[in-house]
Amino acid sequence: MPRRTVYEAKVEFVQILDEDGGFDAKLGKGLISDEEVVALYEHMVTCRELDEIAFKLQRSGRMGTFPQNKGQEAAAIGAAHALTKGTDWLVPCYRENAALFMHGLPMHYILLHWMGDERGNQIPDGLYMTPQAIPIGTQMLHAVGLAWAAKYRGEDRIACTFFGDGATSEGDCHEALNFAANLDLPVVFVCQNNGWAISVPAKIQCSAPTIAQRGLAYGMECVQCDGNDIFAMVKVVRDAAELARRSHRPTFIEAVTYRLGDHTTADDARRYRDSAEVEMWKKRDPLIRLRKYLVDRNQWDDEKERSLQADAKEQVAAAVKRAEEIAAPSTTDMFDFLYAQLPDQLRIQRATLRTASLGQDPTQLEGGIEASRQQDIEETVSERPVTKP
Amino acid sequence: MPRRTVYEAKVEFVQILDEDGGFDAKLGKGLISDEEVVALYEHMVTCRELDEIAFKLQRSGRMGTFPQNKGQEAAAIGAAHALTKGTDWLVPCYRENAALFMHGLPMHYILLHWMGDERGNQIPDGLYMTPQAIPIGTQMLHAVGLAWAAKYRGEDRIACTFFGDGATSEGDCHEALNFAANLDLPVVFVCQNNGWAISVPAKIQCSAPTIAQRGLAYGMECVQCDGNDIFAMVKVVRDAAELARRSHRPTFIEAVTYRLGDHTTADDARRYRDSAEVEMWKKRDPLIRLRKYLVDRNQWDDEKERSLQADAKEQVAAAVKRAEEIAAPSTTDMFDFLYAQLPDQLRIQRATLRTASLGQDPTQLEGGIEASRQQDIEETVSERPVTKP
Amino acid sequence: MANLTLVQAINLALIQEMEKDDRVIVLGEDVGINGGVFRVTEGLHKRFGPKRVVDTPLAESGIIGASIGLAMAGLRPVPEIQFEGFLAPAYDQLCTHAARMRARTRGALTVPMTVRVPVGGGIHAPELHSDSPAAFYVHQPGLKVVVPATPYDAKGLLISAIRDPDPILFFEPKRLYRAFRQEVPEDEYTVPIGKARVVIPGDEITVISWGAPVVQCVTAIEQSDQSIELIDLRTIYPLDTEAIVNSVRKTGRAVIVHEAPKTAGLGAEVASRIMEHCFLYLEAPIQRVTGFDTVMPYYKLELEYLPEAERIRKAIQEVAAY
Amino acid sequence: MANLTLVQAINLALIQEMEKDDRVIVLGEDVGINGGVFRVTEGLHKRFGPKRVVDTPLAESGIIGASIGLAMAGLRPVPEIQFEGFLAPAYDQLCTHAARMRARTRGALTVPMTVRVPVGGGIHAPELHSDSPAAFYVHQPGLKVVVPATPYDAKGLLISAIRDPDPILFFEPKRLYRAFRQEVPEDEYTVPIGKARVVIPGDEITVISWGAPVVQCVTAIEQSDQSIELIDLRTIYPLDTEAIVNSVRKTGRAVIVHEAPKTAGLGAEVASRIMEHCFLYLEAPIQRVTGFDTVMPYYKLELEYLPEAERIRKAIQEVAAY
Ligand SMILES: Cc1ncc(C[n+]2csc(CCOP(=O)(O)OP(=O)(O)O)c2C)c(N)n1
Ligand SMILES: Cc1ncc(C[n+]2csc(CCOP(=O)(O)OP(=O)(O)O)c2C)c(N)n1
Ligand SMILES: [Mg+2]
Ligand SMILES: [Mg+2]
């Protein structure tokens, strides 16, 4: 046999609740209880409200650049719902706020981060998540290491990392998938294919029919799903999480979704994409779809919606208030959290911060470094009072 | 349809001349003329001889580390034969000597390189090749750029890059494949899967059934072939080259072969691999297979073999002589070829190389930089006589 | 003459070089229809088409590695890296290949490539959008590093860079992108790479800087009483040692200002060269006014971190008083 | 006490820390059965098994990125990068994440990781196997950088590094791996990170170095007539400014020796600090004896490039004669 087939594979697409309200009873059966669906919907609406407010905060100069999550709530929330809060690691980029909140991150942390304050990343004890990753694709390798540590210790913990379509072009993405596949690590890779990486359409990142098939390169489980269908998301992430827990095998999930807003508040998407495309996707808005599902099942009505909207506004307003009330960080913070113990050179810079041009005036040091060290604060970082957000 | 297949693919394995001398007449028909096969065999034997001599040179202190190509000659030579000499770019790592020689690189260049002399990389005019890449996987991106330039200019030129199984783990490999696939570039990617990356077995680099399926991630043509079968190599590379020329589409080829020697002369493969495995692969030696093919067809006999062996010895000895006769490089070479024009600071370092501790004695410069510049050589690099190897 | 911002001056240089030489192509993330996130490549896609202005996949090592190949084949790629923080994934291709190809092949293959990168802090951007990594690349032989501080210099230096036969990192201080305008000739002209510029002449103290802090230096000097010479290096590799040395031999006192952390920053190199060449002329220790030896903080603290005019003024007083 | 090479001392440190603390795991290319290409991890795979001594895929960003994750989860990974030239693909993960995680999360997540990397020239190795990139990482706040020059220091410093709560680059001068032996205590002990060592005391000139050139310095000093103090920095971030300053205040003259290129090398930082803290004590310009500002040449020229004893001796004479 001169030409023989040595590998065959396929990629499947999963959808449970379609755009028209059709529901696949078989796949969807018992997946999420009605109560849970309501809670998930409420969470989506609240996150959407945060997006609107954050946008306004940026426009009025109260916050820096902000990336809206609008349109991608089902992907983030569905994934978070399928994972174990307080056990599994979430390793996000910057479009998964909704997932982080689901796993316990107070909302004002996210605001604080985009207000230019590192304390927005000071993940509270007991939460298993890493801060939003700014450099694209890099966080995927951290998920690999976190999952590896869990396996090493025999813990029942897995890691789920989120990234965009653009991220799949980065070398780190490949290295992460390859490590996870070859070292048998319990990682769930969730690609939010929202169609765009800023102004670059997804086909420039991946001209193959699906992004999901990236996983085939590693002999990894892979699946494409409707990322605006929270049921599909819960299903595929739950399957992947089970596989990870049971067999320490990774899965690559492509969640097909859409970024309804601009890339960030610094972007103007009208420069590069058709309004027709946006309009089409507005109809597929995951909030609309889930609300219809609930209404169809008599789980939801206008009254509930009104009260939810009011609640959401209140919750977001409280988070904004909280974030804005936090006193400005101290200049010395940048020194105090760099190393566990402050090196001498930094002690000097810190101590003479206000008195010298560079916090280090050679003429002041004529008494010797020892002398300067005495003027300096004596305590180590761990002893210093920490202002948590 | 809740679960529907959105992508299906398979990977094929191609073999034409099998280990027992079986020949697939259909696939192999008209592929390589008998004369050409003889020439290719002769080339293989000569390269094998180089390996043996290089090993001895290293052991006797006449050369630094050397990576033998032994066992992989069919892969390199078959690929080179399928490409157009003097037109197509070869972008190798360090185990494709045979391909470089086929496309015109004089043998002593390779020796010079491993003797620690950059002139071994001073590719003669008219040859389209880049120097052996030491950092794994990085050269694949250069092939992308070279192919891109050819397409940009409307030339009938493609690029073929070689790399190992280990290289497929690097991020740069992924980025190169992804660029080539998404920007439609005429690149042939030839992975020499020789089973090992130093001491690490290929399954640590890729636990999937084939390495060829890496190409599926990009929706790229991909194929696995017997890398010790020169006919299969010529076939798959020729197909890939045609596709590249015709449609600017890349192909990923996995050539399954084996490194019969140590990783390099600095390595001792007995530390990590079974002699049984090595023995098995010795039987699959591409030289043995091709010789048998020729003998079976009455194209070869012991007499011819003897004379070939003698020729090969002579040719390699001449290359060694040539490499060793080349005068040591001048210390100033390291300055002269760094930039097109030597910056001031380097002119000073170069000029006072022997007279000052760092070729730059501040006390000598009290007359001003201008003065030092006058003592300095005046010509620019382009005017300087170049010693070509 | 046209009254242009830094962004416009760079845009004009790109247009003129692309008109003139079809070996010049622009590639990177969002450089196409979007015109770059800072709009530096605005209009190029429309004018030169998708063949010469190419949106690439999101992969910096890929962008630089492919550009190296393009350049070795004789084109003149001008890749854009979106922010200096994302140059890091391309560090390997830059330092391992771009910088070494000519040396490694003894001139047989060369890399005439100009990598454009917005750099530095002061615009309230997120993490990794405000760093100053230039000194890393100055320490790597084989690269040239250019940092213009005015629209005039930006246009002239970029044209020089694109025509230069060697790989160049062209850092654009994003804080200055739209900070002010300057009269810039509409015709093409070059500013030589490797030559500093005396911004303000003076006799008593030399202030040396490059990029965005040059503006802060001007403010600080205006607030000082001494006769201060301000030198804008413009190119930080190769360094114009002569301009620095001539000035400090005259003044005997020097202040160096940059945004990057102090330790092993370029200020150390400049100070060391001054010490080597002006030892007997120096009347005070050279002051380095720089970022602290910490990670560039998020933007609430960025102005505390950056060498703002007030800190520069203090340093001037300190060296004057010594 | 045992009479050990540098390789053996490091191997012993690894064994002892792994015995003591099961959070310590070793990972990298060929570190398993093969025991590393320099045999530094020899025997570990057999002793601790494949779970704790892991051959990874060939991907340096992957190795460091995964190690960051391991460390954030509370393990103490000790990744090996096979040669310093191949640290470059991991530059992004090191500088963007390892260095910044504690600062970025205000202490919530930390990266206690020790990256072992053979470094430097002198062993007739191929290209990119002989460089000295340490200064790049010294310029990045958030990392610590250690370079032992003796078996004793190597063991003690590596133990300190593994126990340190912050990310450390541990550069092992490969030229010294088997160059000499030294009595090394078999029991565990630590050598503090951030403290220099006076190798030879003296009064007239201070010679400052680290890593392999320390050996060349000793030879040069033996050939000189002056009373010379030799300081081995051992840790290059944080720098032991105090040790340097105390010595130069005594001698008034200094020579700094390193393998990396001169421009923006660490010598510039050391010289600048001396100038800042010892201005009135200095009797001659500080000499930097370093690699030239060129790419490290292939091995036929490497000894011309490296700061060998003869060049150091010349520099000593030059500063003495000034
Ligand atoms: C390494 C790196 N390169 C470039 C950028 C600049 N950048 C920020 S977001 C973005 C697009 C990301 O696209 P995608 O991964 O699809 O995520 P999305 O924003 O669509 O959620 C780019 C190029 C970055 N943050 N990091
Ligand atoms: C980026 C990089 N990392 C590590 C090395 C060290 N190294 C040299 S060869 C090699 C193994 C390469 O394996 P493979 O790609 O399979 O090629 P082969 O040697 O088997 O032909 C390694 C790890 C290197 N040269 N470059
Ligand atoms: Mg996207
Ligand atoms: Mg291999």
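Chain naming here is simple, since letters A, B, ... match the order of the sequence lines and numbering starts at 1 in each.
- Ranked by heavy-atom pairs under 4.5 Å with chain A, the first of D/A103, D/A73, D/G142 is D/G142.
- Of the atoms belonging to D/S67, not a single heavy atom falls under 4.5 Å from chain A.
- Among D/P141, D/P238, D/A59, D/A99, the residue making the largest number of heavy-atom pairs under 4.5 Å with chain A is D/A59.
- For A/Y218 and A/H174, the gap between ring centers is short of 6.0 Å.
- Checking D/T241 against D/H277 by side-chain atom types alone, no donor-acceptor pair falls below 3.5 Å.
- For chain A, the nearby part of D/P165 is the side chain; its heavy atoms alone come within less than 4.5 Å.
- Interface remark: A/E118 contributes backbone and side-chain atoms alike to the contact with chain D (heavy atom separation under 4.5 Å).
- Proximity to chain A (any heavy atom under 4.5 Å) is restricted, for D/L27, to the side chain, taken from C-beta onward.
- Donor-acceptor pairing under 3.5 Å is recorded for the side chains of D/Q93 and A/H142.
- Contacts of D/D55 with chain A are made by backbone atoms alone, with heavy-atom separations under 4.5 Å and no side-chain atom involved.
- Looking at D/V31 and D/Q82, their side chains never come closer than 4.5 Å, going by heavy atoms from C-beta outward.
- For A/D172 and D/S61, the side-chain atoms include at least one donor-acceptor pair closer than 3.5 Å.
- Heavy atoms closer than 4.5 Å to chain A are found in the side chain of D/L109, but not in its backbone.
- Partners of A/P106 according to the side chain to side chain contact (heavy atoms under 4.5 Å, CB included) rule, which considers only residues two or more places apart in sequence or in another chain, are A/H108, A/Y109, A/P124.
- A search for side chain to side chain contact (heavy atoms under 4.5 Å, CB included) contacts involving A/P67 returns A/Y94, A/R95, A/W114, A/T264, not counting sequence neighbours.
- At a 4.5 Å heavy-atom cutoff, D/I64 makes no contact with chain A through either its backbone or its side chain.
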